[in-house]
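In what follows, chains are A, B, ... by sequence order, proteins preceding strands, each numbered from 1. Just so you know, these numbers use all the heavy atoms, side chains as well, and skip hydrogens, waters and symmetry mates.
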2 protein chains.
Amino acid sequence: MKVFGKRTSEGSRQITQKKEKLKNFLKEKGLKSTRQRDLIASEFLKIGEHITAEELYREINKKYSDIGYTTVYRTLKLLNKSGLAAERVFADNLTRYEPLSAEDHHDHLICMKCGSITEFQELKIERLQDRVAEEFGFLAVSHKMELYGYCNKCKDNA
Amino acid sequence: MKVFGKRTSEGSRQITQKKEKLKNFLKEKGLKSTRQRDLIASEFLKIGEHITAEELYREINKKYSDIGYTTVYRTLKLLNKSGLAAERVFADNLTRYEPLSAEDHHDHLICMKCGSITEFQELKIERLQDRVAEEFGFLAVSHKMELYGYCNKCKDNA
DNA sequence: CATCTAATTGAAAATGAATTTCAATTTCCT
DNA sequence: AGGAAATTGAAATTCATTTTCAATTAGATG
């Protein structure tokens, strides 16, 4: 099994690459590079964790109080369209975003006590999923798999 | 693999049993049996499919125009609490309810074109999930797995 | 069966996250 | 530098979900 564990902030190398990719995307689509988009993308990539638009806005707002919530929201949507961010909705029904690399693709363990989100990928499960789909004559395009429970820390002191 | 396929309306036997279970739940909790609850539960169980509160309300409203949306909504919540209905949220972010039996537990194939929902259960996948959780020292309590793609009908004429 | 209390009902209002509107501002092409 | 088009931020809107509240009803008790 491929283990990712908790996300950590990406290195500056990857961040630079991703911001380059965003710039290309913008140019390609006839959109503009702006100070706001640059700062929001940087902060988002730096934080690295699954984060809501609201949470990211709060972080941004500490440093750049002139940047509004709507712009943060729209920039996350933009990052999603450009393939740099994934939109995820877990059991609390909030939309979270996470930095995404080209081939990146994984599932989640979610702690019902502390809310921590851990990532994993298990190819055996994916192969079985494909087999299940096939049995139904179903053409599988994507999937969503979440395990809810208690993380190592929380299961003990609970 | 255990195959359920699409849901179909339950037999009157099961419906009667479930309504009995609801009555017991109500009595147990000091709640009341009402005409509305009875009619809503019957219709919900008869339809059997994954359905939103809004959709069920529309059905109910055709036959019993005096029953309001709020009551349908609240009755579905009640069925959920009593263990007779599962609440599900798929990619469109709408809350759907489906009749649930005691041991019933399954995952979903969702057609991205026609929206049809098919159920399946694959014990091998579940075993692997448990193993993954274990590796992280995670205590798994429940899970959610959805495969999105195109169903047999839609994948051809698309 | 009448009474009483607490639960239920339906309409309307409130909530809250996500999205859109719009006038002012900024980007960036020429 | 000029100008068209995109962007921004605040406020407004949307839309499903949830709550409120006054009127009604269930059903336990006398």
Side-chain angles (χ1 to χ4, degrees), chain A residues 19 22-41 43-44 50-82 85-97 115, chain B residues 19 22-41 43-44 50-82 85-97 115:
Chain A
K19 287 175 63 176
L22 175 60
K23 261 188 189 153
N24 292 340
F25 177 83
L26 292 174
K27 182 157 284 181
E28 208 174 276
K29 298 279 179 184
L31 304 175
K32 290 167 180 170
S33 283
T34 65
R35 170 182 159 267
Q36 289 92 328
R37 281 176 178 168
D38 193 58
L39 291 171
I40 293 166
E43 188 68 21
F44 172 66
H50 300 75
I51 194 170
T52 64
E54 178 67 29
E55 286 164 352
L56 183 55
Y57 166 67
R58 277 196 226 286
E59 284 307 310
I60 290 282
N61 189 254
K62 286 181 193 166
K63 303 181 187 171
Y64 317 104
S65 61
D66 61 312
I67 298 181
Y69 167 82
T70 312
T71 303
V72 173
Y73 165 79
R74 280 188 286 222
T75 301
L76 285 171
K77 283 286 188 193
L78 189 70
L79 287 166
N80 178 240
K81 275 185 194 141
S82 70
E87 257 186 25
R88 311 255 183 211
V89 181
F90 300 120
D92 63 4
N93 272 4
L94 294 181
T95 302
R96 287 185 170 74
Y97 298 83
Chain B
K19 287 176 63 177
L22 175 60
K23 260 188 189 152
N24 292 339
F25 177 82
L26 292 174
K27 181 157 285 180
E28 208 174 275
K29 298 279 180 185
L31 304 176
K32 290 168 179 169
S33 283
T34 65
R35 171 183 158 265
Q36 289 93 329
R37 282 175 178 168
D38 193 58
L39 291 170
I40 293 166
E43 188 68 21
F44 172 65
H50 300 75
I51 194 170
T52 65
E54 179 66 29
E55 286 164 352
L56 183 56
Y57 166 66
R58 278 197 227 286
E59 284 308 310
I60 289 283
N61 189 254
K62 285 181 194 166
K63 302 182 188 171
Y64 317 103
S65 62
D66 61 312
I67 297 181
Y69 168 80
T70 312
T71 303
V72 172
Y73 164 79
R74 281 189 286 221
T75 301
L76 285 171
K77 284 286 189 194
L78 188 69
L79 287 167
N80 179 240
K81 275 186 194 139
S82 70
E87 256 186 27
R88 312 255 181 212
V89 180
F90 300 121
D92 63 4
N93 272 5
L94 293 182
T95 302
R96 287 184 170 76
Y97 297 84

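- DNA chain C is contacted by both A/Y73 and B/I40; B/I40 maps to the nucleotide lying nearer its 5′ end (nearest heavy atom per residue).
- Minimum atom distance to the side chain of A/Q36 is reached by D/dT8, of the listed D/dT8, C/dT8, C/dG10.
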(request) Start with the C-alpha distance between B/L22 and B/L26, add both sets of side-chain angles, then the distance that settles side chain to side chain contact (heavy atoms under 4.5 Å, CB included), and finish with yes or no. (result) CA-CA 6 Å; B/L22 175 60; B/L26 292 174; 4.2 Å; yes
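- The base of C/dT25 has none of its N or O atoms less than 3.5 Å from a complementary donor or acceptor on the side chain of A/R35.
- Counting any heavy atom pair closer than 4.0 Å across all strands shown, B/T34 reaches sugar-phosphate atoms only and no base atom.
- If A/L26 and B/K77 are placed on DNA chain D by their nearest nucleotide, the residue sitting closer to the 5' end is A/L26.
- In this structure, A/T71 and A/Q36 approach most closely via the heavy-atom pair CG2-CB, 3.9 Å.
- Residue contacts for A/T52: at a heavy-atom cut-off of 4.0 Å it reaches no nucleic acid atom on any strand shown.
- When distances run from any side-chain atom of B/T70 to the nucleotides C/dC22, D/dA11, C/dA11, the shortest one goes to C/dA11.
- The side chain of B/Y69 lies closest to D/dT18 when the candidates are C/dA18, D/dT18, D/dC21.
- Taken to the nearest 0.5 Å, the CG atom of A/L79 stands 6.5 Å off from the OG1 atom of A/T75.
- With DNA chain D read from its 5' end, the first of the two nearest nucleotides for B/N93 and A/Y57 is the one closest to A/Y57.
- Taking every side-chain heavy atom of A/L94 into account, C/dA17 is the closest of D/dT20, C/dA17, C/dT27.
- Considering only side-chain atoms of A/R37, the nucleotide from C/dT9, C/dA18, D/dT8 that sits closest is D/dT8.
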